[in-house]
Trainee: 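Please read through the structure below; I'll follow up with questions.
Note that this is a predicted model, so its numbers are computed, not measured.
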Amino acid sequence: MRTKITPFLALFPIVFLLMSCSQEPGPKQWIPTLEKTTFIYLTDTVGKALKTVDETGNEINAGDSAQAHESLEKIRHSLLKLQFFDIPMTEFRQIIYDADRLYYLGRKDEAKNNLKKGKKILLGIVDAVGAPAKGSINEIIQHVEELEIALVHSPEKVGQILKTLGERMNLILLKGDLVLAGTTFKGEG
């Protein structure tokens, strides 16, 4: 005696399998945050330095050594700003964006390691800049420390802290000249 299988009964195991798979919780889906980023602060600093190099050349040709010396100090300041602020802050911003992606991809240990690397960069900046800028950098360090705690104890806060930190970084980079107003760098007189 042969049992006839209806089309519905033949599909039942497949439907059951699909339903049971969809009910299992998987890792959170990572939804990337697209921040409006720019590198104008880098090109501005380089542009100012190059303009001052040209002016210095003209001053040397005109025999104005005092003015040329002053212009060289402006060039030095621009290059130190790149070395001790603009480039490390750009690296830090990338590390934070990577930590965000790693966290939402379920790679929390790598995200924590990124935060440690980022904090080390910030501490290097604090060591290299004068007093006016230290406050802004220390504020970012506090956000990183808050984020480190949230990763362990308050995962529901991580997304908002990452968003706030990313926005703050973009603002500091865009307003770098204001943040650094009146500051000197290691190696400046």
Side-chain angles (χ1 to χ4, degrees), residues 33-102 110-150 161-189:
T33 303
L34 293 176
E35 294 284 338
K36 290 185 179 183
T37 57
T38 179
F39 295 94
I40 192 79
Y41 57 92
L42 290 172
T43 55
D44 278 354
T45 302
V46 171
K48 287 176 189 175
L50 289 173
K51 180 180 176 195
T52 308
V53 165
D54 291 340
E55 290 169 1
T56 305
N58 292 337
E59 292 158 358
I60 290 170
N61 289 337
D64 190 352
S65 62
Q67 187 62 40
H69 180 69
E70 192 176 307
S71 294
L72 285 172
E73 288 304 313
K74 287 180 186 176
I75 295 167
R76 176 183 208 59
H77 181 80
S78 292
L79 293 174
L80 290 171
K81 180 178 180 283
L82 281 169
Q83 180 182 15
F84 292 126
F85 185 79
D86 291 337
I87 293 171
M89 289 294 272
T90 303
E91 290 172 336
F92 175 76
R93 179 174 66 181
Q94 186 61 48
I95 284 171
I96 291 302
Y97 287 168
D98 290 347
D100 181 47
R101 287 187 278 278
L102 291 166
E110 290 176 75
K112 288 177 192 175
N113 286 337
N114 268 31
L115 292 177
K116 286 179 188 175
K117 281 191 279 187
K119 194 171 172 181
K120 186 176 179 181
I121 289 171
L122 292 173
L123 291 170
I125 295 170
V126 166
D127 187 48
V129 299
K134 286 183 191 249
S136 293
I137 306 305
N138 282 326
E139 180 184 319
I140 296 295
I141 291 171
Q142 288 174 349
H143 282 296
V144 171
E145 290 170 348
E146 182 183 348
L147 186 54
E148 288 173 325
I149 292 168
I161 297 169
L162 280 166
K163 183 178 184 291
T164 301
L165 185 56
E167 289 170 351
R168 185 73 180 134
M169 283 305 305
N170 283 336
L171 182 63
I172 285 177
L173 284 168
L174 286 173
K175 304 292 183 184
D177 287 338
L178 293 174
V179 171
L180 295 171
T183 195
T184 57
F185 298 98
K186 207 185 253 186
E188 265 185 315

Trainee: Please give me the minimum heavy-atom distance between Ile60 and Ala68, naming the atom from each residue.
Mentor: CG1-CB, 3.7 Å

Trainee: Taking atom CD of Glu145 and atom CG of Leu122, what is their separation to the nearest 0.5 Å?
Mentor: 10.0 Å

Trainee: So, does Ser71 use its side chain to make a donor-acceptor pair with the main chain of Thr56 at under 3.5 Å?
Mentor: no

Trainee: Less than 3.5 Å apart, any donor N or O on the side chain of Gln94 or Asp98 sitting next to an acceptor on the other?
Mentor: yes

Trainee: For the CD atom of Gln142 and the CG atom of Leu147, what is their distance to the nearest 0.5 Å?
Mentor: 13.5 Å

Trainee: Atom CD1 of Ile95 and atom CG of Asp100: how far apart are they, to the nearest 0.5 Å?
Mentor: 14.0 Å

Trainee: Check this for me: does any side-chain nitrogen of one of Glu55 and Lys74 sit under 4.0 Å from a carboxylate oxygen of the other?
Mentor: no

Trainee: In Å, rounded to the nearest 0.5 Å, how long is the span from NZ of Lys116 to CD1 of Ile121?
Mentor: 15.0 Å

Trainee: Is any side-chain heavy atom of Phe92 less than 4.5 Å from a side-chain heavy atom of Val144?
Mentor: yes

Trainee: When rounded to the nearest 0.5 angstrom, what distance separates CG in Asn114 from CD1 in Ile96?
Mentor: 7.5 Å

Trainee: Once ring-ring contact (aromatic ring centres under 6.0 Å, His included) is applied, do any residues pair with His77, and if so which ones, sequence neighbours excluded?
Mentor: Phe185

Trainee: Rounded to the nearest 0.5 Å, how far apart are CG of Leu50 and OG1 of Thr43?
Mentor: 11.0 Å

Trainee: Would you say Asp64's side chain and Glu59's backbone share a donor-acceptor pair under 3.5 angstrom?
Mentor: no

Trainee: Just do the salt bridge (charged side-chain N to carboxylate O under 4.0 Å, His left out) check on Glu148 and Lys119 with the steps written out, would you?
Mentor: CA-CA 10 Å; Glu148 288 173 325; Lys119 194 171 172 181; 3.6 Å; yes

Trainee: When the side chains of residues 132-139 are checked against the rest of the protein, which donor-acceptor pairs come out under 3.5 Å, sequence neighbours left out?
Mentor:
| from | atom 1 | to | atom 2 | distance (Å) |
| --- | --- | --- | --- | --- |
| Lys134 | NZ | Val126 | O | 2.9 |
| Asn138 | ND2 | Lys134 | O | 3.2 |
| Glu139 | OE1 | Arg168 | NH2 | 3.4 |
| Glu139 | OE2 | Arg168 | NE | 2.7 |
| Glu139 | OE2 | Arg168 | NH2 | 3.4 |

Trainee: Compare every heavy atom of Leu115 with every heavy atom of Ala99, then report the nearest pair and how far apart it is.
Mentor: CB-CD2, 4.4 Å

Trainee: Identify whether the distance between the nearest side-chain nitrogen and carboxylate oxygen of Lys117 and Glu91 falls below 4.0 Å.
Mentor: no

Trainee: For the pair Lys48 and Ser78, evaluate side-chain hydrogen bond (donor to acceptor under 3.5 Å, both in side chains) and give the outcome as yes or no after the intermediate values.
Mentor: CA-CA 7 Å; Lys48 287 176 189 175; Ser78 292; over 6 Å; no

Trainee: For Gln83, give me all partners under side-chain contact (heavy atoms from CB on, under 4.5 Å), at least two apart in sequence or on another chain.
Mentor: Leu80

Trainee: Should Phe84 and Asp127 count as side-chain neighbours, where that means a heavy-atom distance under 4.5 Å?
Mentor: no

